[in-house]
Amino acid sequence: KLDILEPYKHHFGPRHSHRVTRDCQPKKYGSLTHEQYPAHSGPSDTVVQSDYFIKKVGEWWDQKNVIGRYSVISDPLHTVSVVEPSGPGGCERHNRSTVRETSAVKKCIIAQNAGLFNTSSGECHGNIVTDGIVRQNSGGIQNAHFGIRKNGKLFFGYLTEEEVDEFEFEQLVGGVIWLVRNGQSYVNSSKYTECSDTEETGSIDTFVDVKSARTAVGHDKKGRIVLVNVEGQSWNYGINLWEFADLLIEFGVVNAINLDGGGSATAVINQTLVNYPSDECGNETAGYERFHCERPVSTILCAHHA
Ligand code: NDG
């Protein structure tokens, strides 16, 4: 796998052009490779409402309970930020930092891990815009992105290199697999057009099919941002992306993309860890496999006061 990745090490360019993405998607979407939706706006009593859930997912022959957290954020243009690992410039420095550490920089009410990264070099994957500043242009990589435009529109979908500037984003971050498009599962379409270069959990099929911890960002009918975290550990327990898309639709999510998951899946409220990250850790005395720890990750999504 490393040999194939070698030419892309320094430039995460697309394996195919944006035209292929456009031509490969279902006809009903025409040539539009993204969806936009007016963000909820105006002050509200609570910026964040966060609850946990226990839900049955899967086919009848493979039913299981999954545990997770569902958070809704109002007025996202003013309350949601993408934050680089340990703060501004973190991606350029190839930083990795826990969600807790990075969330302290912006005093986040709730924060979840967001973008994927190269686990050996620490490089951030995908396009990154934080508070109106373009921090990384990935050169048109064909992976699902979530953005908030300066004009107050939420953005979900695929972008060319030029569009990263043209769309005038306030926030932008990339994931792997567009889960829900216009209220319908988009997993089957997106897995054909997305690159597996930005994820390290095997082929794109494996990445979609494996049960694992997951993180997603989406929006509801009111244009509020939805952050979802599902507990899991790759291969062992958790949710695959087919089930994740269905669960989000059940919650009333209109568009959503899948962010970094597995051992990276972390949820933090007011600088306190509120989920169960799956990476094993410890030392010889404590026992390596006895406890689990937060993984230093890449970018985070943060909800803060306006
Ligand atoms: C997680 C991801 C993996 C990714 C790594 C670094 C899942 C199931 O974080 O693909 O390469 O971003 O999302 N695993 O381990």
Side-chain angles (χ1 to χ4, degrees), residues 2 5-15 18 76-77 79-108 111-150 155 158-176 194-201 215 217 227 257-266 268 271 279 294-304:
L2 270 180
L5 287 176
E6 204 59 27
Y8 304 96
K9 237 170 95 176
H10 301 290
H11 180 76
F12 301 111
R15 298 292 290 274
H18 189 70
L77 178 59
T79 62
V80 171
S81 294
V82 173
V83 190
E84 294 176 273
S86 65
C91 280
E92 202 175 19
R93 293 193 296 271
H94 298 180
N95 275 358
R96 289 173 56 181
S97 178
T98 63
V99 175
R100 255 197 305 163
E101 286 161 348
T102 305
S103 76
V105 175
K106 269 255 170 194
K107 299 193 174 66
C108 310
Q112 281 187 191
N113 67 293
L116 290 89
F117 57 95
N118 182 318
T119 55
S120 33
S121 70
E123 280 166 282
C124 303
H125 286 311
N127 300 297
I128 296 159
V129 179
T130 75
D131 299 343
I133 301 167
V134 181
R135 296 289 184 174
Q136 181 162 294
N137 187 323
S138 68
I141 196 159
Q142 296 304 309
N143 284 114
H145 277 75
F146 157 68
I148 305 176
R149 295 182 60 192
K150 291 184 200 292
F155 176 101
Y158 305 113
L159 284 161
T160 63
E161 188 172 354
E162 296 73 34
E163 283 170 345
V164 173
D165 295 314
E166 283 165 18
F167 275 101
E168 300 192 321
F169 286 105
E170 186 68 14
Q171 317 291 340
L172 183 65
V173 68
V176 175
E194 292 199 30
C195 291
S196 62
D197 289 2
T198 55
E199 54 86 7
E200 298 172 17
T201 313
T215 303
V217 58
L227 289 181
I257 65 160
N258 176 61
L259 297 168
D260 200 8
S264 304
T266 314
V268 166
Q271 277 69 257
D279 274 2
E294 294 164 85
R295 175 190 287 184
V297 297
S298 182
T299 50
I300 68 162
L301 270 168
C302 161
H304 47 77

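Nothing fancy with the numbering, it's 1 onward along the sequence.
Between the side chain of Glu199 and the backbone N or O of Val176, no donor-acceptor pair lies under 3.5 Å. A side-chain donor-acceptor contact under 3.5 Å links Gln136 to the backbone of Gly126. A donor-acceptor pair under 3.5 Å links the side-chain atoms of Gln142 to the main chain of Gly140, judged by distance alone. The backbone N or O of Asn127 sits less than 3.5 Å from a side-chain atom of His145, completing a donor-acceptor pair. Within the 3.5 Å criterion, the main-chain N or O of Val80 finds a donor-acceptor partner in the side chain of Gln171. Side-chain atoms of Thr299 never come within 3.5 Å of backbone atoms of Ala114 as a donor-acceptor pair (strictly under, hydrogens ignored). A donor-acceptor contact shorter than 3.5 Å is absent between the side chain of Glu92 and the backbone of Gly89. At least one donor-acceptor pair under 3.5 Å links the side chain of Thr266 to the backbone N or O of Ser264. With hydrogens and angles disregarded, a donor-acceptor distance shorter than 3.5 Å links the side chain of Glu200 to the backbone of Thr119. Using modelled atom types, no side-chain atom of Arg135 and backbone atom of Ile128 make a donor-acceptor pair closer than 3.5 Å.
With salt bridges taken as basic N to acidic carboxylate O contacts below 4.0 Å, one links Asp131 and Lys106.
The side chain to side chain contact (heavy atoms under 4.5 Å, CB included) test with Leu172 is passed by exactly one of Asn137, Val129, Ile148: Val129.
Between Glu101 and Ser86, the closest side-chain pair of non-hydrogen atoms is not below 4.5 Å. Between Phe169 and Val82, every side-chain heavy-atom pair lies at or beyond the 4.5 Å cut-off. The closest side-chain heavy-atom distance from Pro296 to Pro85 is not below 4.5 Å. Contact of the Glu84 side chain with the Ser97 side chain is not registered, since no non-hydrogen atoms from C-beta on lie closer than 4.5 Å. A heavy-atom distance below 4.5 Å is found between the side chains of Leu259 and Leu301. Residues His94 and Phe117 are not in side-chain contact: their nearest non-hydrogen atoms beyond the backbone lie 4.5 Å or more apart.
For the atom pair SG (Cys108) and CZ (Arg100), the distance works out to 13.5 Å, reported to the nearest 0.5 Å. In this structure, His125 NE2 and Ser298 OG are separated by 8.5 Å, a value rounded to the nearest 0.5 Å. Taken to the nearest 0.5 Å, the CG atom of Asp197 stands 6.0 Å off from the CD1 atom of Ile141. Here the straight-line distance linking atom CZ of Phe155 with atom CZ of Arg149 works out to 8.5 Å at 0.5 Å rounding. Interatomic distance, Glu123 CD to Leu116 CG, rounded to the nearest 0.5 Å: 13.5 Å. Ile300 CD1 to Asp260 CG: the interatomic distance, rounded to the nearest 0.5 Å, is 13.0 Å.
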Do Tyr158 and Glu194 pass the side-chain hydrogen bond (donor to acceptor under 3.5 Å, both in side chains) test, and can you show the C-alpha distance, the side-chain angles, and the key distance before you say yes or no? CA-CA 9 Å; Tyr158 305 113; Glu194 292 199 30; 2.7 Å; yes

Let's go through Val83 and Thr130 carefully: what are the C-alpha distance in whole Å and the side-chain angles of both, what is the deciding distance for side-chain contact (heavy atoms from CB on, under 4.5 Å) to 0.1 Å, and is it a yes or a no? CA-CA 6 Å; Val83 190; Thr130 75; 6.0 Å; no

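Heavy atoms of other residues, nucleotides or ligands lying less than 6.0 angstrom from NZ of Lys150 number more than 12.
Across all their heavy atoms, Ser81 and His304 have their closest contact at OG-NE2, 2.7 Å. Taking both residues in full, the closest heavy atoms of Gly175 and Asn143 are given as O-CB, 3.3 Å, listed atom of the first, atom of the second, then distance.
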